[in-house]
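Treat the numbers as computed from the prediction; the structure is a model and nothing was measured.
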Amino acid sequence: MTDHYDLIVIGSGPGGASLAHRLAPTGKRILILERGDYLPREEANWSPEAVFVDGRYQADETWKSADGGTFKPQLHYYVGGNSKVYGAALFRLRERDFGEVIHAGGVSPAWPLGYDAFAPYYDEAEALFHVHGVRGEDPTEPPSITPYPYVAVKHEPKIAELSDKLTSIGLKPFHLPLGIRLDQKADGFATPTSTCMRCSFFDGFPCLLNGKADAQVMCVDPMLAAHDNVTLLTGAYVSKLGTDASGRRVDAVYVTRKGVEEIYTAGTVVVACGSLSSALLLLRSGNPQHPNGLANGSDQVGRNYMRHEMSILMAVMREVNETVFQKTLALSDFYFGADDWDYPLGLIQMCATSHADQVKGEALPGWLEWLPDLPFAEISRHSMDFWLQAEDLPHPDNRVYYEEGEVHLDLKKTNPQSLDHLKRKLKQVLADIGWPAVLLERSLYLGKNIALSGTAHQAGTCRFGTDPASSVLDLDCRAHEVDNLYVTDASFFPSIGAVNPTLTIIANALRVADIIKERL
């Protein structure tokens with residue numbers, strides 16, 4: 001079958017859903033293609049063992065690494081994409097992140113557009129995804145005259161104590177900007193009618209109550225309810241894109257659904273499958289006009305993959321931590337450097353509380369193995385969990401590609417020194433405030449092989465720029481070589497900074513939607 005639309009959006013994660021949501025009121029016929037289905041609402045959504053140990057919601061795929069080994073990428077094929085399990089920390093890139101930044105590991109390149117081009121769309125993205133925060137607390141946040149649309153999620157007592165102690169030694173902790181459907185009482189607890197109830201199953205878990213501001217809840221479902229010109233097809237795997245004889249226009253979107261091939265056409269096609277999957281789609285769409293993959297005359301599709309240098313640390317301390325909703329605080333004092341390190345370190349933020357089943361599933365250090373019945377529940381009660389991330393630098397050999405029909409992901413660390421120093425600073429800070437701790441790696445959250453399987457912050461692979469020889473997309477995120485093809489996930493990032501990328505994906509998708517609107 002063949003069916004024609006004004007716009008086809010491939011992928012329903014933040015980059016695709018936000019763009020479609022923006023364009024739905026135009027009345028144009030819009031088709032959203034999602035390879036997965038709705039993530040099932042079930043008790044297992046809140047099972048640490050099912051989510052983290054068993055990987056219940058991860059894609060059942062096996063990829064190859066540069067050393068010849070195999071791994072399972074932590075990808076999630078559902079309506080809403082990876083945002084179904086994200087931590088909903090929605091940061092703006094720092095203003096300096098848009099310029100060239102010198103790191104210990106090399107140079108983070110400047111973007112061809114500055115912060116000013118994205119600033120108004122950041123405002124709109126924060127409103128669309130219900131971001132809670134306090135403007136002015138974060139010492140590195142970029143300028144904005146618009147307050148956060150929702151008040152900050154309040155700290156529980158132990159996190160408030162941590163904040164006070166950090167402040168007492170001259171640091172500037174701030175409330176983490178969170179996309180969350182939470183109505184708070186004065187004491188910080190959820191109101192009786194709040195969708196979110198401030199549970200401990202947030203960061204990395206699907207939300208059983210739809211209290212997390214993900215792309216399905218905030219964009220897809222409201223859009224489908226309000227606009228009958230928008231169609232969502234689930235279980236729709238896009239195998240390739242076809243072009244006309246000139247190679248300058250996509251004229252066919254080949255979809256496999258329920259074992260049957262279907263063909264759809266549109267005046268404009270937007271790819272938003274996530275940086276890894278978008279690059280793979282372009283690579284398998286090669287044809288005589290594009291022999292190395294669609295829009296890949298520069299040989300840059302799939303290259304310059306980035307995903308942050310990341311570490312989840314469980315700080316085991318003497319004191320009990322009874323916090324339920326822990327992900328409310330962040331620290332950016334070391335983002336661009338420290339008194340004992342001249343280069344940028346990165347961001348420290350709270351992570352969701354560790355559960356006993358998660359601790360049990362970790363690769364714990366050898367010095368704990370002498371306990372035959374390790375008290376996992378007790379360890380989790382005495383732990384406080386931190387997510388550390390430093391900037392990962394783009395490198396052309398860090399890339400995703402096909403070889404003999406199999407997916408390969410080659411990746412070498414580009415800036416590990418920054419993460420090492422950030423871990424050291426966290427340990428020092430905890431000692432300075434009188435909370436000395438043993439820091440354990442929570443490798444399970446990101447996968448045993450963090451560098452490869454931890455794809456939570458995937459970016460790069462189709463960078464935008466002004467030179468078609470060194471970039472895939474132009475400044476409108478339209479392919480240099482294909483007139484009606486756009487990419488609106490984090491593929492376009494020339495660099496990734498050290499903050500979570502989702503808000504920038506949303507803001508850019510809204511920006512590109514306005515450009516496409518003129519075309520439609």
Next item on the list: Tell me, with the steps shown, if F98 and L113 meet side chain to side chain contact (heavy atoms under 4.5 Å, CB included).
Entry: CA-CA 7 Å; F98 289 91; L113 294 176; over 6 Å; no
Item checked: Trace of the side chain to side chain contact (heavy atoms under 4.5 Å, CB included) decision for F386 with M350 -> CA-CA 4 Å; F386 298 88; M350 305 305 299; 3.5 Å; yes
Next item on the list: For the pair E49 and R56, evaluate salt bridge (Lys or Arg N to Asp or Glu O under 4.0 Å) and give the outcome as yes or no after the intermediate values.
Entry: CA-CA 9 Å; E49 184 172 6; R56 183 180 182 89; over 6 Å; no
Notebook entry, point to check: For L419 and R424, what are the C-alpha separation, side-chain angles and deciding distance, and is it a side chain to side chain contact (heavy atoms under 4.5 Å, CB included)?
Noted result: CA-CA 9 Å; L419 186 61; R424 176 181 59 80; over 6 Å; no
Next item on the list: Mind running side chain to side chain contact (heavy atoms under 4.5 Å, CB included) on N304 and R399 for me, showing each step along the way?
Entry: CA-CA 6 Å; N304 299 296; R399 57 187 290 239; over 6 Å; no
Next item on the list: For the pair D339 and K425, evaluate salt bridge (Lys or Arg N to Asp or Glu O under 4.0 Å) and give the outcome as yes or no after the intermediate values.
Entry: CA-CA 10 Å; D339 54 0; K425 293 299 287 187; 3.4 Å; yes
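In this structure the side chain of L93 reaches within 4.5 angstrom of the side chain of W111, judged on heavy atoms. Counting only heavy atoms from C-beta outward, the side chains of T502 and Y86 approach each other to under 4.5 Å. At a threshold of 4.5 Å between non-hydrogen side-chain atoms, the residues Y486 and V9 do not count as touching. In this structure, E309 and P416 have side chains that are in contact, with non-hydrogen atoms separated by less than 4.5 Å. K412 is not listed as a side-chain neighbour of H395, based on a closest heavy-atom distance of 4.5 Å or more. S471 is not listed as a side-chain neighbour of S298, based on a closest heavy-atom distance of 4.5 Å or more. In this structure the side chain of L347 never reaches within 4.5 angstrom of the side chain of L331, judged on heavy atoms.
Among the candidates D138, T140, D97, the single residue satisfying the side-chain hydrogen bond (donor to acceptor under 3.5 Å, both in side chains) test with Y335 is D97. Checked options W387, F493, F91; the residue passing with H457 is W387 (criterion: ring-ring contact (aromatic ring centres under 6.0 Å, His included)).
With rounding to the nearest 0.5 Å, the separation of CZ in R135 from OG in S144 is 4.0 Å. A distance of 11.0 Å separates NE2 of H103 from CD of Q417, quoted to the nearest 0.5 Å. Once rounded to the nearest 0.5 Å, the distance linking SG of C273 with OH of Y237 reads 9.5 Å. Of the inter-residue distances, the one linking W435 atom CH2 with K165 atom NZ reads 6.5 Å to the nearest 0.5 angstrom. For the atom pair CZ (F174) and CG (D333), the distance works out to 8.5 Å, reported to the nearest 0.5 Å. Between atom CG of residue L329 and atom CE of residue M384 there is a gap of 9.0 Å, rounded to the nearest 0.5 Å.
Residues passing the side-chain hydrogen bond (donor to acceptor under 3.5 Å, both in side chains) test with N398: none are found, sequence neighbours excluded. Take H21 and apply the side chain to side chain contact (heavy atoms under 4.5 Å, CB included) test, not counting sequence neighbours, and it matches L128, C219, M223.
Between the side chains of T70 and K64, not a single donor N or O lies within less than 3.5 Å of an accepting N or O. Side-chain atoms of H76 and N82 include a donor-acceptor pair closer than 3.5 Å. For the residue pair Q389 and N500, a side-chain donor N or O sits within less than 3.5 Å of a side-chain acceptor on the partner. Using modelled atom types and a 3.5 Å distance limit, the side chains of H408 and S65 yield no donor-acceptor pair. Y305 and D392 form no side-chain donor-acceptor contact under 3.5 Å, judged by distance and modelled atom types alone. Side-chain atoms of E61 and Y77 include a donor-acceptor pair closer than 3.5 Å. No side-chain donor from either of N296 and E481 sits under 3.5 Å from a side-chain acceptor of the other. Between the side chains of S12 and Y78, not a single donor N or O lies within less than 3.5 Å of an accepting N or O. The closest side-chain donor-acceptor pair between N287 and T243 falls under 3.5 angstrom.
Judged by a 6.0 Å distance limit and a 45° cone about the ring axis, K84 is not positioned over the six-membered ring of Y57. The cationic atom of R96 (NZ for Lys, CZ for Arg) lies less than 6.0 Å from the six-membered ring centre of F336 and within 45° of the ring axis.
Classified by interplanar angle (parallel below 30°, tilted 30° to 60°, perpendicular above 60°), the ring pair F205/F201 is perpendicular. Aromatic ring orientation, F492 versus F464: perpendicular (interplanar angle above 60°, classes split at 30° and 60°). Ring planes of W63 and F71: perpendicular class, angle over 60° (limits at 30 and 60°).
Applying the side chain to side chain donor-acceptor pair (under 3.5 Å) rule to pairs touching residues 270-280 yields S278-D489, sequence neighbours excluded.
The environment of CG in D467 is crowded: more than 12 heavy-atom neighbours from other residues, nucleotides or ligands sit within 6.0 Å.
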